[in-house]
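Lettering of chains follows the sequences in order, A, B, ..., and the numbering in each one begins at 1.
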Protein chains: 2
Amino acid sequence: MTAASAAPRGRPTIIDVAARAGVSKSLVSLALRGSAAVAPASREAILAAAAELGYRPNAAAQALVARSSRTVGVLVLDLHNPVFAEILDGVLAGVRARGYRTMVVTGSDAAQERPELDKLLEFRVEGLVLVSHRLDAATLRAIAAETAVVVATRRDVTGPGIDTVCTDDRAGAELAVRHLVALGHRRIAHLGGGDDPVARDREAGYRAAMAAAGLERQITVLPGGLDDAAGYAAARAALAQRHRPTALFVVNDFAALGALAAVADAGLDLPGQMSVVGFDGTRLSGLRSIGLTSVAQPLADIGRLAAERLFDRIDGRRTRARHTVLPAALVERATTAPPRRPTTTVG
Amino acid sequence: MTAASAAPRGRPTIIDVAARAGVSKSLVSLALRGSAAVAPASREAILAAAAELGYRPNAAAQALVARSSRTVGVLVLDLHNPVFAEILDGVLAGVRARGYRTMVVTGSDAAQERPELDKLLEFRVEGLVLVSHRLDAATLRAIAAETAVVVATRRDVTGPGIDTVCTDDRAGAELAVRHLVALGHRRIAHLGGGDDPVARDREAGYRAAMAAAGLERQITVLPGGLDDAAGYAAARAALAQRHRPTALFVVNDFAALGALAAVADAGLDLPGQMSVVGFDGTRLSGLRSIGLTSVAQPLADIGRLAAERLFDRIDGRRTRARHTVLPAALVERATTAPPRRPTTTVG
DNA sequence: CCGTGTCGTTGGAGCGTTCCAACAACGGCC
DNA sequence: GGCCGTTGTTGGAACGCTCCAACGACACGG
């Protein structure tokens with residue numbers, strides 16, 4: 001009655017293993033998943049047969065019958081920006097720890113994000129981690145209605161089924177300003193990041209901290225951007241001002257590197273004549289030859305925590321959205337110092 | 001006879017759509033894939049029903065029956081190193097262009113790589129791109145026997161079914177040395193990268209170019225490593241030598257940044273008293289505040305080409321392994337200049 | 001010695017899709 | 001006016017797996 005003597009085409013299946021071990025496919029399935037109900041002798045025969053045939057379970061078939069893919073999807077805004085690469089690394093670690101697989105897509109341009117996410121949803125990923133994104137609120141909420149969603153680094157769009165994990169950008173910015181104020185700076189300019197929601201929070205923190213230090217009248221925000229070139233341009237504008245600032249608080253590390261170059265090009269001594277503080281705390285800023293003082297986000301933690309939150313939803317079916325805000329920490333390095341000619345303390 | 005009046009649990013399937021449109025599931029399948037054999041009226045009814053129900057095809061079921069997952073797997077050695085992040089970006093772009101999905105894993109540590117790849121193989125990925133790796137030759141060949149494999153940046157392990165795409169590391173290193181020689185340098189030291197196979201090629205190129213320039217006796221290779229700290233340490237050792245070199249050719253950009261810091265710490269003028277050349281051409285080296293002269297690899301091209309090669313195998317079933325070596329190009333920036341006290345030309 | 005329970009094992013149904021052979025309806029042709 | 005080809009549509013099998021109800025064998029207690 002052993003019918004399966006025909007040569008198995010393609011990869012061996014559970015049935016091929018069963019035929020070889022002389023048992024039924026059901027028992028193979030049981031044994032392969034380590035059921036205690038299988039007799040030791042059968043188990044050994046099955047395991048041996050599987051090894052000999054080079055059997056590998058077919059995840060698609062398992063996903064189909066289990067109605068769960070054991071896979072999560074991740075959208076990364078931009079892999080070139082080390083911030084996102086580092087967060088992604090944390091997400092991958094968190095997902096791996098749970099034995100799930102990860103499908104990663106990047107949103108090359110804003111219009112691509114939706115179709116890429118659709119592909120993930122067709123795979124029935126059990127959840128989605130968005131390492132930043134450019135979706136409008138309605139789209140994001142529609143997606144959250146289909147699957148669990150955790151957004152990392154952004155907190156502006158909320159809704160049922162959308163957890164967020166991010167850094168306290170406001171407080172972080174305040175930290176930067178307080179550090180500079182403590183060093184004796186008064187004319188502290190901010191190089192902004194345009195209409196990016198995260199950048200807005202940092203700007204708000206800057207404004208608040210300046211006001212708290214009694215420096216409302218010194219508040220200067222220069223329109224910048226999130227990359228090297230934008231930081232360079234914004235810093236040039238700052239340095240060209242009538243009352244040149246003695247310190248620059250830049251929206252992120254990437255742009256701060258541009259600012260550093262502008263300071264050097266202007267022939268100013270760093271940090272003697274100009275202090276610079278960045279934001280993100282990427283490994284980049286910590287490189288010896290850069291040594292940028294920066295407000296560090298716990299990047300790997302953000303990634304790992306995002307994964308954890310997702311799994312809370314995947315297995316615990318939690319309903320209320322959770323929003324986690326992690327603290328930022330100032331990392332003092334070589335680009336900040338007291339201003340050379342201390343400003344006279346007024347009133 | 002319309003049985004499916006029961007509320008569909010979970011996501012709608014093709015059968016729910018069929019019931020709603022009043023046709024059979026077969027016709028729905030046909031219509032959804034755009035078959036010309038479907039009557040216009042039916043097509044519209046089906047499309048409308050699918051839209052109303054929010055139907056999404058189930059990729060696992062499709063993969064099962066089609067015996068093809070339309071997914072490729074990617075292993076990335078280390079996301080923290082911008083080189084790999086940039087190549088990954090190219091791979092993702094290439095895969096997306098073909099409408100495939102991508103599963104990405106990182107090999108956190110060497111021992112994890114194999115199990116992670118096993119997970120991908122269980123998903124029946126149709127091919128694998130390894131953006132570097134730490135597998136031994138036997139393991140790699142065993143994997144290549146199961147699925148198409150393209151290795152990016154490494155070329156040392158070959159075998160049937162293994163294509164490689166990488167930069168001409170030897171020639172690139174020669175470019176760097178020739179550049180320094182042309183500037184008038186003679187004492188050019190190399191900060192190596194240990195036993196990494198790519199590092200070995202670069203070292204070989206360094207040795208060859210030095211010999212070709214009649215500088216065999218100046219050849220100095222200092223044991224280093226692939227990161228910032230290793231570059232810093234190696235550079236310190238180089239600078240402490242009796243006959244201090246006037247130029248350093250460093251195994252990669254990441255380590256070169258460490259070397260830059262060591263040069264600055266030693267109080268040497270850069271590039272006046274010490275020139276530094278890196279390798280990789282990551283965006284990092286191009287940042288204004290760094291301006292590292294570097295041998296650039298076409299990183300995005302490597303990624304995209306790796307994806308292309310993989311698809312050649314996936315659909316064309318090509319048998320012979322193909323090895324593509326892309327040219328490197330020297331990008332001259334601010335860290336190289338003629339040596340201040342030109343060495344006297346001998347012989 | 002037969003009923004009952006346990007242990008190990010089994011065939012069949014079902015997951016959501018695609019593919020295929022086959023079918024009904026219909027018009028054109030000889 | 002029966003036959004044929006075309007057009008549009010259909011049910012069933014298959015993909016590889018898991019789950020479930022049910023099975024035979026065996027030991028044990030009444």
Side-chain angles (χ1 to χ4, degrees), chain A residues 1-4 6 8-46 49-50 53-71 121-124 126, chain B residues 1-4 6 8-46 49-50 53-71 121-124 126:
Chain A
M1 294 297 177
T2 53
R9 317 107 34 74
R11 291 205 56 87
T13 74
I14 208 176
I15 299 195
D16 301 318
V17 176
R20 179 160 194 133
V23 296
S24 73
K25 65 174 180 27
S26 303
L27 198 60
V28 174
S29 173
L30 246 25
L32 255 26
R33 280 171 301 142
S35 162
V38 180
S42 311
R43 152 170 298 114
E44 270 171 47
I46 290 167
L53 291 173
Y55 170 77
R56 250 182 224 296
N58 182 323
Q62 287 178 323
L64 187 59
V65 65
R67 289 132 156 266
S68 110
S69 59
R70 295 186 65 81
T71 301
L121 291 173
E122 289 181 6
F123 225 105
R124 300 291 189 269
E126 299 186 34
Chain B
M1 295 297 180
T2 53
R9 319 104 37 73
R11 294 205 54 87
T13 73
I14 208 177
I15 300 196
D16 300 318
V17 176
R20 180 161 191 129
V23 297
S24 73
K25 63 174 181 28
S26 303
L27 198 60
V28 173
S29 173
L30 246 26
L32 255 25
R33 279 171 302 141
S35 160
V38 180
S42 311
R43 152 169 298 115
E44 271 171 45
I46 290 168
L53 291 173
Y55 169 78
R56 246 182 227 295
N58 182 322
Q62 288 178 323
L64 187 59
V65 66
R67 290 134 154 267
S68 112
S69 58
R70 294 186 66 80
T71 301
L121 291 173
E122 289 181 7
F123 226 103
R124 300 290 188 271
E126 299 186 33

Is there any protein nitrogen or oxygen under 3.5 Å from a nitrogen or oxygen in nucleotides 20-25 of chain D, and what are the pairs?
none

Phosphate OP1/OP2 of [N]: any [X] side-chain N/O under 4.0 Å:
X     : N      : answer
A:R33 : D:dC19 : yes
A:R67 : C:dG16 : yes
A:Q62 : D:dG16 : no
B:S24 : D:dT9  : no
A:S42 : C:dT9  : yes

Counting side-chain heavy atoms from CB outward, which of D:dT9, C:dG8, C:dT17 is closest to A:A39?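 Shortest atom-to-atom distance from the side chain points to C:dG8.
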Shortest side-chain distance from A:V65, nucleotide among C:dG14, C:dT10, D:dG8: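 Comparing C:dG14, C:dT10, D:dG8 against the side chain of A:V65, the answer is C:dG14.
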Taking salt bridge (charged side-chain N to carboxylate O under 4.0 Å, His left out) as the test, write out the residues that go with B:E122, two or more places apart.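 Scan of B:E122 (salt bridge (charged side-chain N to carboxylate O under 4.0 Å, His left out), adjacent residues dropped) gives A:R101.
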What is the distance from [atom1] of [X] to [atom2] of [N], rounded to the nearest Å?
X     : N      : atom1 : atom2 : value
A:I15 : C:dT10 : CD1   : P     : 13 Å
B:R70 : C:dT18 : CZ    : C1'   : 14 Å
B:K25 : C:dG14 : NZ    : P     : 14 Å
B:L32 : C:dG16 : CG    : P     : 15 Å
B:L27 : C:dA25 : CG    : P     : 16 Å
B:I14 : C:dC19 : CD1   : C1'   : 12 Å
A:N58 : C:dG16 : CG    : P     : 16 Å
A:L64 : D:dA14 : CG    : P     : 17 Å

Walk me through it: do B:T13 and B:N58 pass the test side-chain contact (heavy atoms from CB on, under 4.5 Å)? CA-CA 8 Å; B:T13 73; B:N58 182 322; over 6 Å; no
Show the nearest heavy-atom pair for residues [X] and [Y], with the distance to one decimal.
X     : Y     : value
B:A31 : B:I46 : CB-CD1, 3.7 Å
B:A63 : B:S69 : CB-CA, 3.9 Å
B:A49 : B:R20 : CB-CG, 3.8 Å

Can you list the steps and then say if A:Q62 with A:R70 is a side-chain contact (heavy atoms from CB on, under 4.5 Å)? CA-CA 10 Å; A:Q62 287 178 323; A:R70 295 186 65 81; over 6 Å; no
Report the C-alpha distance between B:Y55 and B:L32 in whole Å, list the side-chain angles of each, state the deciding distance to 0.1 Å, and finish with yes or no for side-chain contact (heavy atoms from CB on, under 4.5 Å). CA-CA 10 Å; B:Y55 169 78; B:L32 255 25; 3.4 Å; yes
Test A:P12 against every option in A:D16, A:I14, A:I15 by the side-chain contact (heavy atoms from CB on, under 4.5 Å) rule and name the one that passes.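 Checked A:D16, A:I14, A:I15 against A:P12; only one passes side-chain contact (heavy atoms from CB on, under 4.5 Å): A:D16.
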Would a distance-only check, ignoring hydrogens and angles, find a side-chain to backbone donor-acceptor pair under 3.5 Å from B:R124 to B:L121?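 A pair under 3.5 Å: yes.
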Would the distance check show the side chain of A:R43 and the main-chain N or O of A:S35 forming a donor-acceptor pair, the cut-off being under 3.5 Å?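 Flag set: sc A:R43 to bb A:S35 pair under 3.5 Å.
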Along DNA chain D (nearest heavy atom to each residue), the more 5'-positioned of B:A61 and B:A37: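 Its nucleotide being nearer the 5' end, the pick is B:A37.
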So what does A:A66 hit on the nucleic acid, given a heavy-atom distance under 4.0 Å: a base, only sugar-phosphate, or nothing?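 Result for A:A66 = nothing.
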Net bend of the helix from C:dC1-D:dG30 to C:dC30-D:dG1, end axes of five pairs each, nearest 10 degrees: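 One end's axis against the other's: 70°.
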